[in-house]
Amino acid sequence: MPPSNNLASIRPLDRAFFARNPRRVAREILGKVLVRDTDNLHLAARIVEVEAYLGQNDPAAHAAAGNTARNSVLFGPPGYAYVYFIYGNHYCLNVSCEREGKAGSVLFRALDPLLGIAEMAASRRVSLEGPRDFTKLTSGPGRLAEAFGITRARDNGRDLTSPDSGLWIGEDGFLSRGIRTSSRIGIRKAVDRPLRYFLAQNPFVSGGRKSTSPRI
DNA sequence: ATATCGATTATCT
DNA sequence: GATAATCGATATG
C-alpha cells in the first residue's frame with residue numbers, strides 16, 4: 001500500500017488499541033500516523049520511534065510518584081494526550097494506555113513527515129533551503145511537538161482517538177519493517193529496560209540506532 | 001564524529 | 001534549591 005498522501009485514507013485507531021500494556025501499544029503504534037487537522041493546520045506524519053512508560057511501578061515514569069495535577073491524564077482512560085513541559089524549553093507528547101486508574105503511556109520520539117511539510121517547518125521556524133539536516137524537522141520528542149504545534153495548554157487531555165479533536169492517531173495500511181528495541185533515552189532511573197521501539201531503517205529515528213535487545 | 005554546556009520553568013524535596 | 005522522558009550551539013578530534 002502506498003504512503004498516505006491525503007487524510008481521507010487514514011482511519012482512526014479505536015480506544016481498545018490503547019487499553020493495553022504500554023509495551024504492546026508502543027510496538028504496534030510504530031507505522032501508524034499522527035494527524036493534526038484543524039482550520040489552519042493539516043499535518044500527517046508516520047510514527048517511527050516511541051518509548052513505553054509502564055506507570056506507577058516504573059521508576060522512570062512520570063506516574064511513579066502517583067496522581068498529581070501535572071500527570072493526571074496518565075491515570076485517566078486510554079487514548080488521551082499527556083503533554084508535559086521539560087527543561088524550560090520543550091513539550092513532549094504521550095498517549096495514555098491501560099485503563100482508568102492504572103497509569104501507563106507511550107512517548108512519541110520521532111515522526112516521518114507525510115503531509116504539511118512546509119507547515120511543519122514554519123512551526124519549527126526553520127528553512128527547508130540550504131544544507132540543513134531535513135530529519136531535524138521531526139526527529140526527537142521536542143522537535144516533533146514543535147512541528148505539530150503541540151503545547152500543554154492546547155493539547156493536554158485531548159482525545160487522540162477522535163478526528164473531531166483535531167489531533168488524532170490513525171492507520172493507513174502501512175506495514176512496519178525492521179522494528180528494534182533499545183534502552184530509553186534521557187532517563188536516570190530504570191535505564192536498562194528495553195522499552196524504546198523504533199524502525200531501524202528510518203532516517204528520522206533520533207539518537208542511536210543501535211539495538212541493545214534481540215530483534216523483535 | 002563526539003563532547004560539553006547553557007537555556008529556562010514546572011514540579012517536587 | 002535541585003532536577004528534568006531536550007535541543008541547539010560551540011568546541012575539539
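Nothing here was measured: the structure is a model prediction, and the numbers come from that model.
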State whether A:Arg36 and A:Glu119 are salt-bridged, where the test is any N-O pair (Lys NZ or Arg NE/NH1/NH2 against Asp/Glu carboxylate O) under 4.0 Å.
-> no
Send over the distance from A:Glu51 CD to C:dT6 P, rounded to a whole Å.
-> 7 Å
Provide, to the nearest angstrom, the distance between the CZ atom belonging to A:Arg124 and the C1' atom belonging to C:dC7.
-> 8 Å
Selected nucleotide, minimal atom distance to A:Leu107 side chain, candidates C:dA5, C:dG8, B:dA7 = C:dA5
For DNA chain B, which consecutive runs of 3 or more Watson-Crick or G-U pairs (each distance under 3.5 Å) count as stems?
-> B:1-7 with C:6-12, B:9-12 with C:1-4
Reckon A:Arg70 touches a base, only the sugar-phosphate, or nothing at all at heavy-atom distances under 4.0 Å?
-> sugar-phosphate
For B:dC12, does OP1 or OP2 lie under 4.0 Å from any side-chain N or O of A:Thr68?
-> yes
Whichever of A:Leu74 and A:Val126 has its nearest DNA chain C nucleotide further upstream toward 5' = A:Leu74
Starting at NZ of A:Lys136 and ending at P of C:dC7, how long is that distance when rounded to a whole Å?
-> 10 Å
To the nearest Å, give me how far apart CG (A:Asn71) and P (C:dA4) are.
-> 16 Å
Remember a base hit wins even if backbone is also touched, and classify A:Tyr87 as base, sugar-phosphate or nothing at under 4.0 Å, heavy atoms.
-> base
According to a strict under-4.0 Å criterion, is A:Arg143 in side-chain N/O contact with OP1 or OP2 of C:dG8?
-> yes
Closer than 4.0 Å, any side-chain N/O of A:Arg188 to the OP1 or OP2 of C:dA4?
-> yes
Using only side-chain N and O atoms of A:His62, determine if any of them is under 4.0 Å from OP1 or OP2 of C:dA5.
-> yes
Is the closest basic N to carboxylate O distance between A:Arg124 and A:Glu146 below 4.0 Å?
-> yes
Nucleotide nearest A:Asn89 (side chain, heavy atoms from C-beta), chosen from B:dT9, B:dA7, C:dT6 = B:dA7
Return yes when atom CZ of A:Arg154 has more than 12 non-hydrogen atoms of other residues, nucleotides or ligands closer than 6.0 Å, and no otherwise.
-> yes
Map A:Gly88 and A:Arg152 onto DNA chain B by nearest heavy atom, then report which one ends up closer to the 5' terminus.
-> A:Gly88
Side-chain donor-acceptor pair under 3.5 Å between A:His42 and A:Asp37, yes or no?
-> yes
Side chains of A:Ser182 and A:Arg196: donor-acceptor distance under 3.5 Å anywhere?
-> yes
Steps toward side-chain hydrogen bond (donor to acceptor under 3.5 Å, both in side chains) verdict (A:Thr161, A:Arg15) = CA-CA 6 Å; A:Thr161 69; A:Arg15 201 165 310 286; 3.1 Å; yes
Look at A:Asp192 together with A:Arg184 and state whether they make a salt bridge at an N to O cut-off of under 4.0 Å.
-> no
Under 3.5 Å donor-acceptor pair, A:Tyr84 side-chain atoms to B:dA10 base atoms | no
Spacing of A:Phe85 atom CZ relative to B:dA7 atom C1', expressed in whole Å = 10 Å
Look at the side chain of A:Ser165 and the backbone N and O of A:Arg158, then say whether any donor-acceptor pair between them is shorter than 3.5 Å.
-> no
To the nearest angstrom, the NE2-C1' distance between A:His90 and B:dG6 comes to 11 Å
Value in whole Å for how far the P atom of C:dA4 lies from NZ of A:Lys189 = 7 Å
Separation of A:Asp133 atom CG from B:dA1 atom P, in whole Å?
-> 11 Å
